[in-house]
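What follows is a single structure, written as structure tokens, with notes after it.
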Amino acid sequence: MDVRESLRSALRDALETAGVDPVPEVITLERPANPEHGDWSSNVALATAKAAGRNPRELGQQLVDHCAANLPPHVTAVEIAGPGFVNFHLGDSWLHDVLADVVEAGTDGFARSDVGAGSSVNIEYVSANPTGPLHAGHARWAAYGDALSRLFAHCGYAVHREFYVNDRGVQTELFGASLTARAAGEEPPEDGYQGGYVTEWAEELPGAADPVAWGIERAQADQRQVLMSMNVEFDRWASERSVVQSGEMEKAIDELRAAGYVFEDDGAMWLRTSDFGDEKDRVLFKSDGDATYFVPDIAYHHQKYDRGELVIDILGADHHGYVKRMAAAMQMMGHAAESYEVLVGQNVTLVRDGAEVRLSKRAGTMIEARDLVELAGADVARLTFLLQSIDTTQTIDLDLLVAQSNENPVYYVQYANARVHSLARQAKEREIARLPLADVDLSLLTHERELALLRSLSELPDVVIRAVENRGPHQVTMWTRECAAALHGFWHDCPILRDDVDDAIRQARMWLVEATRIGLGVGLDLLGVSAPESM
RNA sequence: GCCCCCGUAGCUCAGUGGAUAGAGCAUCGGUUUCCUAAACCGUGAGCGCAGGUUCGACUCCUGCCGGGGGCGCCA
């Protein structure tokens with residue numbers, strides 16, 4: 001049984017014995033930051049004392065007494081501490097069990113969770129307009145959306161990834177007109193596309209082609225290619241044009257009208273989104289009869305529920321104003337408020353030579369996603385994007401990104417991974433083979449570095465669950481850094497293949513490295529990063 | 001004016017309502033007859049301000065200050 005389960009069960013028994021009724025559903029266990037507070041700690045006495053009309057410290061003491069009299073597996077001591085924490089001190093054997101569990105689970109099974117079993121999620125991300133290359137911001141959403149998808153999948157969710165292509169409307173017309181102008185050697189229209197890529201692509205434009213349709217194809221091909229180079233793929237490239245042509249729009253409007261939220265004013269058709277918290281109502285059909293982008297978007301989002309019961313949009317900060325109106329529309333169509341989720345991420349700022357690089361299509365200083373991948377490589381680019389929360393504006397120093405040095409945090413993790421793989425190579429060269437795990441005495445792993453590494457590995461399953469709940473893949477990145485640090489420390493102080501190392505210890509350490517290979521492998525895979533096996 | 005995000009160490013950032021707030025980089029000093037020193041060890045310094053909720057607040061709530069983004073019958 002998992003350590004946590006046996007500790008929880010012990011606490012439940014203790015609470016019952018102490019006369020706490022009802023026993024709380026959730027019993028929280030934490031890993032204390034301070035080693036003096038044990039290996040696992042529970043605040044259950046603090047959390048329940050008030051409702052039970054008890055003194056937290058006294059209740060805690062009762063729990064401690066009960067647990068001490070019925071020690072759960074691995075537990076060596078139970079103490080009351082502070083205002084009423086129950087702290088469990090465990091023998092190293094629990095960490096040795098962790099090693100065996102990791103190895104048994106392997107790369108496919110370690111840190112998996114079934115919290116999403118039977119549930120499905122539809123995630124839309126990037127969804128850039130097909131009017132030009134992806135820029136650095138899009139690359140952030142690509143890395144984020146892909147990693148989040150991987151996390152959901154690792155937790156048992158059925159995941160469907162979509163990219164919505166706005167392949168109709170004013171912007172695409174302008175883009176086509178810009179291509180046509182450049183092809184004729186003229187300047188693009190006033191509010192057209194000025195970027196250098198338009199001139200380049202215009203040279204490829206076949207004379208007979210429809211510039212709008214051709215331009216959309218060209219831009220999409222460009223975007224797909226960059227995404228592929230970042231190892232980001234989608235299950236569906238949804239076309240706005242198709243949504244419009246499918247008749248789904250009309251059906252959606254009918255539903256909204258039937259629900260009573262559609263009204264006419266000033267010759268336009270409106271949706272009463274203000275009933276659902278939007279700051280004002282929104283136009284569906286303009287007074288000239290044309291649909292706004294909002295209409296096909298509603299139809300598309302409604303349709304997405306066929307491909308996932310939880311619908312998630314990942315948007316840049318410049319689209320946050322759009323959230324409430326779409327949430328309103330989905331609720332009008334009968335979708336529960338919590339079934340539609342928008343993750344709004346902040347911008348990317350690029351710095352070069354110590355100064356901010358202004359992203360301007362006009363000035364030609366746009367940093368494309370392609371530039372980042374070419375500069376740094378897909379792995380470094382992705383891991384860099386996943387270093388921090390999407391709630392923060394990310395500043396990427398291009399000089400640092402490119403530097404193949406320890407100034408770049410990415411290499412710290414990659415180096416740990418390389419070391420793990422190098423051990424296998426070295427062992428092979430020296431003809432040292434691992435014995436079957438069952439024949440190896442893991443209790444020889446007692447060095448503080450070995451235990452620290454095992455502690456780190458023991459945390460990944462919880463990190464994964466927390467990361468998916470918080471929609472925060474960066475928490476996995478943080479873990480890989482911590483695990484890498486533990487590996488480096490272990491590597492420094494605990495020789496493995498050296499001649500003077502005892503055979504039995506060598507075997508145990510080789511298995512520890514194997515478990516670390518699995519752990520780092522799972523962590524990096526969740527981030528979509530394929531770290532090199534050598535550097 | 002309204003809406004969203006942020007404000008933590010010199011810099012870039014972590015921090016599921018818990019106990020003494022952590023990493024990397026930068027600074028200074030140390031470690032290699034030994035599996036890659038892209039490593040390890042030591043070193044100083046911090047929660048924007050003011051209230052509130054709570055047994056307990058960096059975390060939740062309110063206000064203020066500061067930075068970024070957004071408020072179209074554009075997408």
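Values reported hereafter were calculated over all heavy atoms of this structure, with side chains retained and with hydrogens, waters and symmetry mates removed. Just so it is clear: chains get the letters A, B, ... in the order the sequence lines come, proteins before strands, and each one is counted from 1.
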Under 4.0 Å, heavy atoms only, any strand: does [X] hit a base, just the sugar-phosphate, or nothing?
X	value
A:N34	base
A:S534	base
A:N87	base

Next on the checklist: Does anything in residues 272-287 of chain A come within less than 4.0 Å of RNA chain B? Heavy atoms only, and list the residues if so.
Outcome noted: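 Per residue number, the list reads A:E279, A:K280, A:V283, A:K286, A:S287.
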Taking the six-membered ring for Trp, are [X] and [Y] parallel (under 30°), tilted (30 to 60°) or perpendicular (over 60°)?
X	Y	result
A:W270	A:F263	parallel
A:F152	A:Y157	perpendicular
A:F163	A:W237	parallel

For atom [atom1], what is the distance between [N] and [M], given to the nearest Å?
N	M	atom1	result
B:A14	B:A75	C1'	35 Å
B:C58	B:G15	C1'	8 Å
B:C4	B:A45	P	38 Å
B:C74	B:C64	P	34 Å
B:C28	B:C35	P	29 Å

Nearest whole angstrom, please: distance from the [atom2] of [N] to the [atom1] of [X].
X	N	atom1	atom2	value
A:D297	B:C74	CG	C1'	13 Å
A:Q346	B:G7	CD	C1'	13 Å
A:H319	B:G69	NE2	P	15 Å
A:R325	B:A75	CZ	C1'	10 Å
A:D191	B:A75	CG	C1'	13 Å

Does any donor atom in the side chain of [X] or [Y] lie under 3.5 Å from an acceptor atom in the other side chain?
X	Y	result
A:S41	A:N87	yes
A:D222	A:Y197	no
A:D313	A:H301	yes

Quick one: which of [options] gets closest to the side chain of [X]?
X	options	value
A:H492	B:A39, B:C73, B:C35	B:A39
A:R449	B:G18, B:C41, B:C35	B:C41
A:D493	B:A75, B:C40, B:C35	B:C40
A:H320	B:A75, B:C73, B:C4	B:C4
A:Y411	B:C35, B:A38, B:C73	B:A38

Next on the checklist: Assess whether a salt bridge exists between A:K304 and A:E162, defined as any Lys/Arg side-chain N lying under 4.0 Å from an Asp/Glu carboxylate O.
Outcome noted: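 Salt bridge between A:K304 and A:E162, a charged N being under 4.0 Å from a carboxylate O: no.
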Next on the checklist: If the threshold is 4.0 Å, N to carboxylate O, is there a salt bridge linking A:R4 and A:D462?
Outcome noted: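 Judged by the 4.0 Å cut-off on N to carboxylate O distance, A:R4 and A:D462 do form a salt bridge.
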Checklist entry - Between A:E514 and A:R517, is a salt bridge (charged side-chain N to carboxylate O under 4.0 Å, His left out) present by the stated rule, with each step listed? => result CA-CA 5 Å; A:E514 169 62 7; A:R517 182 190 70 78; 2.9 Å; yes
What protein N or O atoms touch nucleotides 8-15 of chain B N or O atoms at under 3.5 angstrom, if any, and at what distances?
unit_1	atom_1	unit_2	atom_2	d
B:C13	OP1	A:T393	O	3.3
B:C13	OP1	A:T395	N	3.2
B:C13	OP1	A:T395	OG1	3.4
B:C13	O5'	A:Q388	OE1	3.3
B:A14	OP1	A:S389	N	2.5
B:G15	OP1	A:H474	NE2	3.0
B:G15	OP1	A:Q475	NE2	3.3

Checklist entry - Under 4.0 Å: is that the gap between some side-chain N or O of A:R419 and OP1 or OP2 of B:A37? => result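 Yes, within the criterion.
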Next on the checklist: Please determine whether a side-chain nitrogen or oxygen atom of A:Y412 lies at a distance below 4.0 Å from atom OP1 or OP2 of B:C40.
Outcome noted: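 A:Y412 to B:C40 OP1/OP2: side-chain N or O found under 4.0 Å.
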Item to check | Sequence-distant partners of A:E79, salt bridge (charged side-chain N to carboxylate O under 4.0 Å, His left out), two or more places apart | outcome: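 Listed in chain order: nothing, the list is empty.
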Item to check | Residue list, salt bridge (charged side-chain N to carboxylate O under 4.0 Å, His left out) with A:E533, at least two apart or on another chain | outcome: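 With sequence neighbours excluded, A:E533 shows a salt bridge (charged side-chain N to carboxylate O under 4.0 Å, His left out) to no residue whatsoever.
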Please confirm whether any donor atom in the side chain of [X] sits under 3.5 Å from an acceptor in the base of [N], or the reverse.
X	N	answer
A:N347	B:G68	no
A:N470	B:U16	no
A:D318	B:A75	no
A:Y293	B:A75	yes

Next on the checklist: Should A:H37 be counted as stacked on B:A19, where stacking needs a ring-centre gap under 5.5 Å and an angle between planes under 30 degrees?
Outcome noted: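 By the stated criterion, A:H37 and B:A19 stack.
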Item to check | Per-pair stack call A:F85 and B:G18, 5.5 Å, 30° | outcome: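 Not stacked by the 5.5 Å and 30° rule.
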Item to check | Partner residues of A:S287 under the side-chain contact (heavy atoms from CB on, under 4.5 Å) criterion, sequence neighbours left out | outcome: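 side-chain contact (heavy atoms from CB on, under 4.5 Å) check on A:S287 returns nothing, list empty.
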Checklist entry - What would the secondary structure line of RNA chain B be in dot-bracket form, counting Watson-Crick and G-U wobble pairs under 3.5 Å, with [ ] for pairs that cross earlier ones and | for pairs with another strand? => result (((((((..((((....[...))))..((((.......)))).....(((((..]....))))))))))))....
Checklist entry - Taking the six-membered ring for Trp, are A:Y412 and A:H488 ring centroids under 6.0 Å apart? => result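 Yes, the ring centres sit under 6.0 Å apart.
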Checklist entry - Does the gap between the ring centers of A:Y322 and A:F294 come in under 6.0 Å? => result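 Not close enough - the centres of the two rings lie 6.0 Å or further apart.
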